[in-house]
Amino acid sequence: MLRGVTRWASGEYTCEAGNGEGIAKSEPLRLRIQYKNPFGIFKTEFDFEAAQMELNYLDAPRCRPQPEVPVVPSANAPGTSRRLGALRHETLRIQCDVDADPSTGVRFSWTYNISREVLHVPASRIISDGPLTSSLNYTPTSEADFGTLACWASNAIGRQKEPCLFHVVPASEYQYHLKHLIL
């Protein structure tokens, strides 16, 4: 029985044993984990002929962590909120990466939040960079254009619970934020 398995445990596993007579190693066994939510239903399958085991734990997409990027912690979804510094009339290519299983048929949508108004970004402005990545070219032209962009992904299981957030701030504010992260 497998306990405490997370989606990060997906991959190939082998068993190796040795004694005075020598060392034996099994054929690789592929463990595939699909995830749902903390209280979701999952099933485990082991195919003895193919020597494959699957733990299916289905989930809607979720933001892929990118530790090399300075992040703003979020109470609901740590590591999914990024602060991006920009100059007026400077085009940013904002990339949204998610993890999802199933990874096929993932669809993206973006919204822009300024003050208390949420605007949907037209699909014609959304760029598909692969099955789990979406990008948006965004150019702030006035002070009112600095705000929060939210990237939402969905698959056959559903829509992600918390969006990937990108806070577009004036470059000077971003530099101040980085300085205080380092100190």
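The shown structure was predicted, so the numbers you read here are calculated from the model rather than taken from an experiment.
Residues Asp129 and Arg93 meet the side-chain proximity criterion, which asks for heavy atoms closer than 4.5 Å. Under the 4.5 Å side-chain criterion, counting only non-hydrogen atoms from C-beta, Ser103 is not in contact with Pro131. With contacts defined as side-chain heavy-atom distances shorter than 4.5 Å, the pair Ile94/Val168 qualifies. Side-chain contact between Cys164 and Arg64 is absent, with no heavy atoms from C-beta onward closer than 4.5 Å. Residues Leu165 and His167 meet the side-chain proximity criterion, which asks for heavy atoms closer than 4.5 Å. Between Val121 and Leu136 there is a side-chain heavy-atom pair separated by less than 4.5 Å.
Closest heavy-atom contact between Leu92 and Ala86: CD1-CB, 3.6 Å. When every heavy atom of Leu87 is checked against every heavy atom of Ala171, the shortest pair comes out as CD2-CB, 3.7 Å. Looking at every heavy atom in both residues, Pro28 comes nearest to Thr14 through CA-CG2, 3.6 Å.
Leu119 and Leu149 fall within a single hydrophobic cluster, where Ile, Leu, Val, Met, Phe, Trp and Tyr side chains are chained together by heavy-atom contacts under 4.5 Å.
Note: Glu90 CD to Thr141 OG1 = 13.0 Å, rounded to the nearest 0.5 Å. Annotation: the span from Ser135 atom OG to Asn137 atom CG amounts to 7.5 Å, rounded to 0.5 Å. Considering CD of Glu16 and CD1 of Ile23, their distance stands at 5.5 Å, rounded to 0.5 Å. Here the OG-CZ distance, from Ser142 to Arg88, works out to 6.5 Å after rounding to the nearest 0.5 Å. Note that OG of Ser154 and CD of Gln160 are 8.5 Å apart. Values are rounded to the nearest 0.5 Å. Put simply, CD on Glu117 and OH on Tyr112 are 10.0 Å apart, with the number rounded to the nearest 0.5 Å.
In this model, no donor atom of one side chain and acceptor atom of the other lie less than 3.5 Å apart for Thr139 and His89. The closest side-chain donor-acceptor pair between Thr133 and Asp97 falls under 3.5 angstrom. For the residue pair Thr111 and His120, no side-chain donor N or O sits within less than 3.5 Å of a side-chain acceptor on the partner.
Hydrophobic clustering, defined by side-chain heavy atoms of Ile, Leu, Val, Met, Phe, Trp and Tyr closer than 4.5 Å, groups Phe108 together with Val98, Val106, Leu132.
With hydrogens and angles ignored, the 3.5 Å screen pairs no side-chain donor or acceptor of Ser134 with any backbone N or O of Cys96.
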Derivation and outcome, disulfide bond (SG atoms under 2.5 Å apart), residues Cys63 and Cys151
CA-CA 9 Å; Cys63 301; Cys151 171; over 6 Å; no
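Ring-centre distance between Phe166 and Tyr138: not below the 6.0 Å cut-off.
Cation-pi geometry between Arg125 and Trp110 is not met at under 6.0 angstrom from the ring centre and within 45 degrees of the axis.
Between Asp101 and Arg62, none of the side-chain N atoms (NZ, or NE/NH1/NH2) sits under 4.0 Å from a carboxylate O, so this pair counts as no salt bridge.
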